[in-house]
Every structure is written in structure tokens, then in C-alpha cells.
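Written out below as C-alpha cells is the structure these notes cover.
We use all heavy atoms of the structure for the numbers below, so side chains are in, but hydrogens, waters and symmetry mates are not.
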Amino acid sequence: MHTTATPTHCPYCALQCGMGLATGPGGVEVVERPGFPVNGGALCGKGRTAPAVLSSRVRLTEPLIRSHATGRLEPATWEEAIGRVAEGLSRTRAEHGADACGVFGGGGLTNEKAYALGKFARVALGTSQIDYNGRFCMSSAAAAGQRAFGLDRGLPFPLEDIPRTGCVILVGSNLAETMPPALRYLTELKANGGKLIVIDPRRTRTAEQADLHLAPRPGTDLALALGLLHLVVAEGRTDEAFIEERTSGWEEARAAAMAHWPEHVERISGVSVPQLRDAVRMFCDAEAAMVLTARGPEQQSKGTDTVGAWINLCLATGNAGRPLAGYGCLTGQGNGQGGREHGQKADQLPGYRKLTDPAARAHVAGVWGVDPDSLPGPGRSAYELLDALGGDIKALLLMGSNPVVSAPRAAHVEEKLRSLDFLAVADVVLSETAHLADVVLPVTQWAEETGTVTNLEGRVLLRRRATGAPAGVRSDLDVLHGLAAHLGHEKGFPTDPEEVFEELRRASAGGPADYSGITYARLKEGNGEGVFWPCPADEDGSESGGAGGADGVHPGTPRLFLGGFATADGRARFVPVVHRAAAEEPDAEYPVLLTTGRVLAQYQSGAQTRRVDELNSAAPGPFVELHPRLAARLEVEEGEPVTVVSRRGKAVAPARITSTIRSDTVFMPFHWPGEGRANSLTNPALDPVSRMPEFKVCAVRLERAERPWRRRA
């Protein structure tokens with residue numbers, strides 16, 4: 001790495017790839033950081049071009065206030081902007097009560113910001129109505145992990161273990177496009193003689209790497225997992241000693257799985273019985289094996305049960321709680337893991353404590369210096385909060401999220417945002433959501449601030465400030481400090497991220513996600529490889545701990561569950577689950593299935609990546625991917641516009657015709673607003689446990705969209 005480069009991390013996905021930033025006459029330049037273990041210096045196009053969003057040409061550089069006279073957003077001073085936000089929140093609270101004020105956060109916020117935002121909502125505003133867009137990311141996997149293992153951490157092992165296992169089942173992930181530097185782990189797995197099974201209704205670039213590709217009908221992942229477990233039992237491939245010694249609930253889970261015989265699963269999923277048997281053979285022949293899930297099986301109205309079925313498969317075969325084996329979730333957002341651990345989520349307090357636990361409330365209230373009884377209870381989940389806008393919730397403070405593009409049933413959410421009495425948005429760019437705000441606050445971004453993030457492995461990392469921000473820009477911590485002061489809380493909301501992290505350490509101490517043994521000084525040590533949580537400190541607050549490294553300092557926990565699971569009795573819990581249909585199945589009016597996802601050159605709602613010329617050249621706009629047989633029925637040719645209609649709205653985008661997708665399914669990426677907005681179509685049906693919306697499957701119909709130049713028959 002360049003000797004003058006600042007070591008830091010990419011602002012995008014949950015890999016949090018290491019990079020260096022060097023500043024010079026031409027601005028900020030990305031340089032390789034080959035010593036960082038996650039990516040070994042490799043970066044995708046998004047990471048390599050990330051400094052482009054630092055440009056004043058594409059980002060916000062001064063506060064904006066909507067003029068009462070013109071109705072337009074116009075430049076204002078920071079004092080005017082903070083005063084207007086504080087007045088809007090105070091007025092709403094006085095007239096309608098604290099819960100009429102909502103707070104919506106983002107999975108890209110640092111741990112410090114997420115912690116401060118949760119504290120601000122519950123202490124300064126006194127509202128229960130806080131959640132974040134990470135609810136749309138891995139909440140189903142989190143809920144299933146909590147049920148089975150007593151603890152949720154994306155991966156219970158480091159990425160470096162993946163190439164050393166014998167078989168990986170990758171469910172609903174296209175790593176080659178969503179996390180390109182991680183694809184090397186699968187390549188190394190195969191080079192080492194391991195097997196790769198990819199489950200996806202599309203033959204993606206990742207599926208092309210597989211030894212076995214299973215292409216189930218969207219919404220049938222649960223049946224597929226249960227069918228594999230049925231075969232494991234029928235073929236005598238269970239690990240009875242592991243089941244007896246380290247689990248509970250097997251008999252009930254076994255009985256539920258046996259109702260899903262292979263031929264039945266074939267009819268539901270479209271995956272043939274021979275393919276099911278091949279998958280079981282590959283998985284069970286390996287000395288150790290893993291299942292990794294992503295949004296495909298998780299973003300469903302039965303996502304928690306679906307992930308639970310894959311966990312049951314791991315437990316039944318003894319592939320959990322031992323080296324080079326287990327279940328893991330590939331977290332999507334940059335700080336999706338840390339974002340929910342420290343207080344943005346509606347039902348959680350810092351340290352991944354439950355808001356309903358009296359001991360947890362007492363501990364955190366003690367750190368905050370407030371009465372535990374003053375803390376509000378759990379609030380609404382993300383979509384439910386957005387759906388309540390303009391009704392029970394009259395005012396909203398939104399940080400680092402763009403639900404106008406990213407939320408399900410997006411046109412409805414946009415209407416709800418417009419119906420608010422008051423909306424304030426803090427963001428780096430003037431997103432589609434910020435365009436609707438009464439006040440827009442321009443905030444610093446990754447390279448202009450210091451803070452910690454927690455990647456998909458549970459590795460706590462320090463992103464360091466490498467360059468200054470434009471003069472009119474302030475940090476989110478400054479915003480919360482200013483608002484809290486206006487609301488009567490002069491103290492308790494510091495602007496220095498290290499000071500916030502020191503408080504976070506104390507608040508998390510003793511919780512499931514214990515960061516108390518982690519400090520900024522420690523994160524700066526050596527090659528900056530980070531520290532895996534849980535990492536407790538002694539009762540006096542020092543970093544030494546009982547698990548002790550050679551110097552008495554707790555080493556962190558790269559691998560969970562090797563000595564026991566995080567349940568009361570130390571046993572993993574089987575949860576009996578059965579297949580059920582998607583919330584919305586195809587019918588005569590809407591005969592086709594829609595699934596959504598990402599493309600290589602864009603990220604999430606595209607609010608930042610759509611401002612990078614190189615990325616837009618690679619992925620300039622939305623499209624509808626469909627099979628040639630479906631295209632022939634519509635009489636649609638490559639590149640011609642297609643209208644996709646669901647019960648919630650419609651979207652129009654060019655056809656991309658390919659035989660790599662099922663003929664009963666169409667795919668749309670969700671990065672764009674306007675007429676090609678995929679989330680105009682998606683279904684907000686919620687998982688009953690995780691409250692995850694069903695982004696990944698809904699019923700649609702396709703129509704040929706006429707252009708003026710098209711010759712009519």
C-alpha cells in the first residue's frame with residue numbers, strides 16, 4: 001500500500017473490504033491494501049470508484065429548507081436547519097405525543113451513529129417508533145439464528161474457513177455480482193477439492209461456478225430444504241451422536257421434515273428428485289460442510305422458517321458448532337450487522353439486548369443516566385413504521401436510507417412520506433427520499449469521518465478519516481448533538497466518535513454482542529484486521545479478560561459455538577417447520593413470478609452509485625430479465641420495453657432475454673427510481689417473526705409496452 005495512504009474500508013457491502021486512501025492534487029485515490037485478510041487487496045468497481053461520490057459535484061454541501069413561499073428546497077444555514085428540525089419534532093411531540101415522532105435509520109451508518117440514533121430516539125425524543133432499513137436485509141436469518149443458536153452473528157466463522165470445508169450450499173446469493181471479492185473463497189473451495197451447490201432460480205455468474213445448480217421456483221426454498229432433510233433421514237445420513245449430545249427438539253423437526261417426501265418437493269419446487277439426491281450426497285459425503293444463505297430465502301414472508309429449515313439440515317448432519325462447518329448468513333449492507341446490535345432496531349438496546357428485558361433496560365439506562373422506566377417499549381418494524389406515516393406518526397427523522405426506492409410497495413411508501421406533517425432527512429446526496437423532505441441535512445461520509453463498522457463475519461473494524469469534508473457539511477453525530485440540545489439534552493450526545501464508542505463499550509458490556517474489550521487503540525494495532533465480537537472486558541473496564549490471549553487481553557471470538565451454543569442449556573434447538581405457499585401465488589390474472597436483486601455495478605437504492613459515471617456506463621438502467629419462451633408469447637424482442645404489473649403498481653423497462661432464468665419467472669434489479677422502479681411491484685407481506693417483507697416473490701403479469709416507432713401489425 002502507498003506509504004502515505006490512510007488504511008480504511010469500502011463504504012458499500014458487508015465485506016467491508018480493506019483499502020487505502022491517498023490524497024493528492026487530483027483528489028482522493030484508492031490504493032490496494034493487500035494485507036487486509038477479507039479481500040487481500042481486491043476491490044470491485046464500486047469500491048474502486050467510491051471516491052467519486054466525495055465530489056461536491058454530486059453530493060450535498062449545504063442544508064436545504066423547503067420554502068413556505070415557493071414550496072422548493074432552498075439553501076439555509078445550519079442554525080436555521082437544525083432549528084427547523086427541532087421545532088418540527090417538538091411541535092409534533094407536544095401536540096400528538098412522543099410516539100408521533102418516528103426515526104428511521106440505515107444499515108450503512110457506523111456503530112457510533114447507530115448507537116447515538118437509538119439513544120436519541122429513546123432519550124431525547126422518548127419515542128418507541130424507531131427502526132432501520134436493515135430490517136430489509138438479514139432480519140429473517142437473525143431471527144432464525146436466535147431461535148436455533150441463541151445468538152445472531154452473520155457468519156459464526158471467518159471467511160477464511162470457507163475454502164477449507166468440504167461442501168458449501170449457497171442459497172439465494174449471487175456473490176459474483178453482489179460481493180465480487182468474496183467469490184475467491186468459493187474458487188479456492190473448489191481448487192481444494194470441495195463441492196459447491198448453488199440454489200437460485202437464475203443461472204447467475206455465481207451459479208456457473210457450481211458443481212450442482214438447483215433452480216427452484218421462487219418462494220419454494222423452504223420445501224427444498226425440508227426435502228433434503230427428508231432424504232438425509234431416509235438415507236441414514238444423520239449424525240445421531242451430535243443430535244443426542246448437542247441439540248434439542250429433533251423428534252418434532254424430524255417429523256415435520258418427513259412430510260416433505262422428494263416427489264412432493266419436486267412438484268412444489270421444480271427441482272428433480274435426482275438433483276435432490278445429488279445435493280444430499282455431496283453435502284453428506286463431505287467431512288465438514290456449510291450452508292450460507294442470503295436475501296433469496298430470507299426476503300420472504302416465511303423467511304425465518306426457511307432459514308430455520310437450512311439450520312435444521314446443518315444440525316441433523318452434525319455440521320454446526322465444530323471447525324469448518326456450520327450455518328452462516330451473508331449480510332448485505334455495509335454495517336447491517338452492527339446497525340442492529342446497538343439500538344436502531346425497534347426491539348433492541350445496545351449490545352443486542354432485548355428492550356423488553358428489565359435487566360437490559362436497567363443496565364443501558366444506567367449508562368445513559370436515565371430512569372429505566374422512562375425508556376419506551378418496542379416500536380413498529382421498518383415497513384410497519386413507514387406504513388404508519390401520516391397516521392399515528394406525524395413527523396419523521398430519517399438518516400442514511402432511501403425508502404422511496406428501496407421499500408416494498410414503494411409508491412405507497414412515497415405517498416406516506418408525502419403525507420407527513422414534517423420530514424427531515426440527513427444524507428450524503430439528494431436522494432429521491434430527500435427530495436420530499438422539509439429539511440435536508442448534508443452529512444459527512446465514509447472517507448471524511450472516523451468510525452467503526454462490523455462486517456458480515458462479526459469483525460469490528462475502524463474506518464479512518466482520510467480527507468476533509470466540504471465546509472457546509474457536518475457529521476450525523478453533530479446533527480444529533482444539535483437536535484438533542486434543542487430538545488433539552490445539552491449533554492449525553494457527544495460529537496467525537498471515539499467518545500461515543502467508549503460509551504457504546506459500556507452499554508454493550510455483558511450483552512450478547514459485547515464490545516467492551518474493544519478500543520480504538522486496539523483496532524489501530526498491527527494491520528488493522530479488527531476484532532471479532534463477543535470480546536468482553538474485565539469488570540473494571542480494562543481489556544483483559546478470562547478467555548485471555550497471551551498478554552491477558554481477550555482475543556475476540558472468530559469462531560462461535562465450538563464449546564457450546566448460546567442457549568440456556570448450551571444446546572442448539574431444532575425448530576419444526578413446514579412448507580407453506582408464498583403470500584401471493586400466480587393466478588390467471590397475474591400468472592408470472594417476479595423476483596428482484598442487485599447487479600454488479602450498482603448498490604442498493606443506487607442513491608450513491610448512480611452518481612458515478614463509470615458505474616452508470618456499466619449499468620445504465622433497469623431491465624426485465626425473462627426467458628425466451630415467455631418473450632415469444634409476448635412477442636417481445638431484446639431491448640424492447642416491457643410493462644410488468646402487480647396488484648400494487650407497474651414498472652416499465654427493456655427486455656433482457658436469456659435462457660438462464662426459469663420460464664415462469666422474471667427478474668428485475670431494484671436500484672432505480674421512476675418508471676423502472678422494481679419496488680413499485682413488490683409485496684409488503686411480512687414474516688410473522690422477523691417482520692421481513694416478501695421482496696423476493698410476488699405475482700405479476702407482463703405486457704408489451706408500445707413505443708411510437710413500433711410498427712403495428
Side-chain angles (χ1 to χ4, degrees), residues 88-90 92-107 109 113-140 142-143 146 152 304 336 339-358 360-361 364-365 368 370-401 403 406-408 413 416-417 419-426 480 483-484 487 507 684 686-693:
L89 295 173
S90 296
T92 301
R93 189 172 59 172
E95 294 178 0
H96 303 286
D99 275 358
C101 296
V103 176
F104 198 87
L109 300 182
K113 295 178 187 178
Y115 173 84
L117 187 62
K119 181 180 179 182
F120 175 82
R122 296 181 174 106
V123 174
L125 282 177
T127 182
S128 67
Q129 300 303 304
I130 175 172
D131 210 73
Y132 84 128
N133 63 15
R135 179 78 69 170
F136 301 157
C137 177
M138 56 173 288
S139 57
S140 292
Q146 289 277 13
D152 153 45
T304 301
R340 69 180 176 284
E341 291 169 2
H342 300 299
Q344 282 190 104
K345 199 157 169 277
D347 55 352
Q348 287 176 191
L349 288 169
Y352 222 139
R353 288 180 159 91
K354 293 183 182 298
L355 191 53
T356 54
D357 178 3
R361 294 169 65 88
V364 174
W368 289 350
V370 299
D371 184 340
D373 292 339
S374 71
L375 298 178
R380 294 176 172 91
S381 70
Y383 181 78
E384 291 166 305
L385 189 157
L386 294 171
D387 191 44
L389 301 181
D392 293 342
I393 299 175
K394 310 291 185 182
L396 182 70
L397 172 64
L398 186 147
M399 282 188 162
S401 186
S406 64
V413 169
K416 288 290 185 177
L417 286 160
S419 71
L420 284 165
D421 292 347
F422 182 79
L423 172 63
V425 173
L480 294 173
L483 290 176
L487 295 169
L686 301 180
D687 180 288
V689 180
S690 69
R691 316 309 287 168
M692 167 75 86

Side chains of [X] and [Y]: does their closest heavy-atom pair fall under 4.5 Å?
{"X": "Y383", "Y": "D131", "answer": "no"}
{"X": "T127", "Y": "P376", "answer": "no"}
{"X": "L398", "Y": "P403", "answer": "yes"}
{"X": "L483", "Y": "L397", "answer": "yes"}
{"X": "I393", "Y": "R380", "answer": "yes"}

Out of curiosity, [X] [atom1] to [Y] [atom2], how far, rounded to the nearest 0.5 Å?
{"X": "R353", "Y": "E341", "atom1": "CZ", "atom2": "CD", "result": "12.5 Å"}
{"X": "L355", "Y": "L375", "atom1": "CG", "atom2": "CG", "result": "7.0 Å"}
{"X": "C101", "Y": "I130", "atom1": "SG", "atom2": "CD1", "result": "12.5 Å"}
{"X": "L117", "Y": "R122", "atom1": "CG", "atom2": "CZ", "result": "9.0 Å"}
{"X": "S690", "Y": "F136", "atom1": "OG", "atom2": "CZ", "result": "11.0 Å"}
{"X": "L109", "Y": "Y132", "atom1": "CG", "atom2": "OH", "result": "10.0 Å"}

remark   = Only one of L417, V425, V103 passes side-chain contact (heavy atoms from CB on, under 4.5 Å) with L396, and that residue is L417

Nearest atoms (heavy-atom pairs only) where [X] meets [Y]:
{"X": "A395", "Y": "G88", "result": "CB-O, 4.5 Å"}
{"X": "N133", "Y": "G400", "result": "ND2-O, 3.8 Å"}
{"X": "S419", "Y": "G390", "result": "OG-CA, 3.3 Å"}
{"X": "A507", "Y": "V364", "result": "O-CG2, 4.2 Å"}

key: Test side-chain contact (heavy atoms from CB on, under 4.5 Å) applied to E384 and R691, step by step   = CA-CA 9 Å; E384 291 166 305; R691 316 309 287 168; 2.7 Å; yes

ask   = Q344 side chain to G339 main-chain N or O, any donor-acceptor pair under 3.5 Å?
value = yes

key: Polar side-chain atom of D687 near backbone of M692 as donor-acceptor pair, under 3.5 Å   = no

key: salt bridge (Lys or Arg N to Asp or Glu O under 4.0 Å) against K345, all qualifying residues, sequence neighbours excluded   = D347

query = Can you list the steps and then say if F104 with R135 is a side-chain contact (heavy atoms from CB on, under 4.5 Å)?
reply = CA-CA 11 Å; F104 198 87; R135 179 78 69 170; over 6 Å; no

query = Do D99 and S128 have a side chain donor and acceptor closer than 3.5 Å?
reply = yes

ask   = Is it true that R340 and D152 have a side-chain N and a carboxylate O under 4.0 angstrom from each other?
value = yes

Aromatic plane relationship, W368 with Y115 - under 30° parallel, 30 to 60° tilted, over 60° perpendicular = perpendicular

ask   = Would F120 and L487 count as a side-chain contact (heavy atoms from CB on, under 4.5 Å) if you check the C-alpha gap in whole Å, the side-chain angles of each, and the deciding distance to 0.1 Å?
value = CA-CA 10 Å; F120 175 82; L487 295 169; 3.8 Å; yes

message = K416 vs L386, test: side-chain contact (heavy atoms from CB on, under 4.5 Å). Steps then yes/no.
response = CA-CA 7 Å; K416 288 290 185 177; L386 294 171; 6.0 Å; no

